[in-house]
Amino acid sequence: MGYEKKDRKNGEQDVRLSTEKTARPTVAAMEALLQQPFPVLDHGFIRVVDYMGDDTSIVQAARVSYGRGTKKKSEDAALIRYLMRHNHSTPFEMCEIKLHVKLPIFVARQWIRHRTANVNEYSARYSILDREFYIPSEEQVRTQSKSNRQGRAELFSAQDATYVINLLRKDAETAFEHYHLLLKTENTDNEQAERDGSGLSRELARITLPLSTYTQWYWKVDLHNLFNFLRLRADSHAQYEIRVYAEAILNIVCQWVPIAHKAFLEYRMNGTYLSASALNVVRKMLDGQAITQPESGLSSGEWRELMDVLALQSKS
Ligand SMILES: Cc1cc2nc3c(=O)[nH]c(=O)nc-3n(C[C@H](O)[C@H](O)[C@H](O)COP(=O)(O)OP(=O)(O)OC[C@H]3O[C@@H](n4cnc5c(N)ncnc54)[C@H](O)[C@@H]3O)c2cc1C
């Protein structure tokens with residue numbers, strides 16, 4: 001068995017060259033994409049380091065209680081859909097995935113809120129951070145949304161967008177210049193400071209860096225909790241910069257567990273839950289009755305959300 005060292009910046013490190021046979025369930029599509037970095041944002045990436053299980057692992061776990069082995073593929077799909085529909089979640093926990101992710105720190109702060117994963121992050125106490133920071137594209141440079149306090153709205157003019165981007169870049173460059181001044185290194189080569197011991201400690205020097213600085217981590221999670229992450233972070237309400245990572249992971253999940261992925265899209269991602277009052281509104285509408293928000297028992301916010309959901313559904 002051998003290993004090939006490559007470029008850490010681009011996520012191509014410790015690539016395993018082994019082609020040993022295994023008795024474990026494997027997925028051909030996943031074997032093909034293992035270790036490949038998928039670019040996200042301007043300097044980020046996601047790559048699959050390892051995975052465990054496939055669609056049949058979910059089915060086998062669900063059937064163990066009945067003492068029955070794997071059945072036909074169509075029955076497997078029906079079972080997975082049933083499990084997803086009824087929130088029977090533990091069979092999905094039988095599958096796991098380990099990702100190497102390079103992401104800006106402000107995205108990492110949102111991501112780390114998902115506590116049900118195992119994380120090991122690059123240590124900026126131990127190592128010097130690469131001079132890499134996120135700069136949004138013009139398309140993402142937008143005004144503060146008035147309707148959603150956590151969102152962005154209108155595009156800036158090209159001239160204003162350029163001004164914003166230049167300011168962000170200048171600030172980040174200045175911060176990195178100061179970082180290296182504090183470390184007493186002119187570039188990411190820290191040999192001089194290490195030799196004379198006169199540079200500020202890395203654990204303190206890093207505090208001058210912006211939230212746009214890229215960090216890296218290994219992130220291991222089971223499929224149930226990954227679906228929870230994706231439902232929240234691939235959603236249109238999630239910030240664009242984390243959403244693009246979630247979308248990249250969704251593509252990987254589609255190749256890894258295609259049946260579970262389809263059920264997830266059907267029941268979680270593109271489906272919806274209705275409150276008792278909302279269901280009552282829908283029933284009345286189907287019955288041809290006119291109903292207004294004040295008599296619906298829904299708040300104006302709930303009413304707006306319900307109308308949005310129904311409009312989306314009627315469009316598709
Ligand atoms: C659009 C959006 C906006 C957000 N805005 C904010 C914000 O303004 N401020 C903010 O602070 N956060 C915000 N969050 C983060 C959000 O509140 C959650 O912390 C985050 O999405 C993680 O979700 P989770 O707890 O379900 O995930 P996980 O931590 O992976 O947990 C999964 C599930 O496990 C259970 N669980 C895990 N740990 C515990 C525990 N310790 N105790 C009890 N149950 C546990 C819970 O059932 C939980 O739902 C936002 C998230 C989104 C998607």
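Whatever order the structure lists them in is the order used to number ligands and atoms, beginning at 1.
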Residue Leu232 vicinity, atoms of ligand 1 by number, heavy atom under 4.0 Å: 21 (O), 23 (O), 53 (C)

Ring pair (Phe, Tyr, Trp, His ring centres under 6.0 Å), paired with Tyr245, selected from Trp111, Phe229, Tyr134, Trp217: Trp111

From the candidates Arg243, His114, Arg231, His237, the one that places a heavy atom nearest atom 23 (O) of ligand 1: His114

Beyond-backbone contact of Thr272 with Tyr267, side-chain heavy atoms, under 4.5 angstrom: no

Under-4.0 Å heavy-atom contact between protein and atom 43 (C) of ligand 1: no

Pair Arg63 + Asp76: basic N to acidic O under 4.0 Å: yes

contact_flag Gln110 ligand 1 heavy-atom lt 4.0 Å: no

Residue selection (non-hydrogen contact nearest atom 2 (C) of ligand 1) among Gln239, Arg113, Arg115, Arg233: Arg233

Asn228 contact mode with ligand 1 (heavy-atom cut-off under 4.0 Å): side chain

Atom 34 (O) of ligand 1 [closest protein heavy-atom partner, distance rounded to 0.1 Å]: Thr116 CG2, 3.9 Å

Side-chain donor-acceptor pair present, Asn225, Asp222, cut-off under 3.5 Å: yes

Glu31, CD: over 12 other non-hydrogen atoms inside 6.0 angstrom: yes

Minimum-distance protein heavy atom relative to atom 6 (C) of ligand 1: Gln150 NE2, 4.0 Å

Atom 25 (O) of ligand 1: any protein heavy atom closer than 4.0 Å: yes

Check residues 274-287 and write down every donor-acceptor pair under 3.5 Å in which the side-chain atom is one partner and the other belongs to a residue at least two apart or another chain.
{"residue": "Ser275", "atom": "OG", "partner": "Ala278", "partner atom": "N", "Å": "3.1"}
{"residue": "Asp287", "atom": "OD2", "partner": "Gln289", "partner atom": "NE2", "Å": "3.0"}

Protein non-hydrogen atom below 4.0 angstrom of atom 16 (C) of ligand 1 present: no

Exercise check, heavy-atom protein proximity under 4.0 Å to atom 47 (O) of ligand 1: no

Min side-chain heavy-atom separation Gln140-Arg152 under 4.5 Å: yes

Any non-hydrogen protein atom less than 4.0 Å away from atom 38 (N) of ligand 1: yes

Identified side chain to side chain contact (heavy atoms under 4.5 Å, CB included) partner of Leu226 from the options Phe264, Trp219, Phe92: Trp219

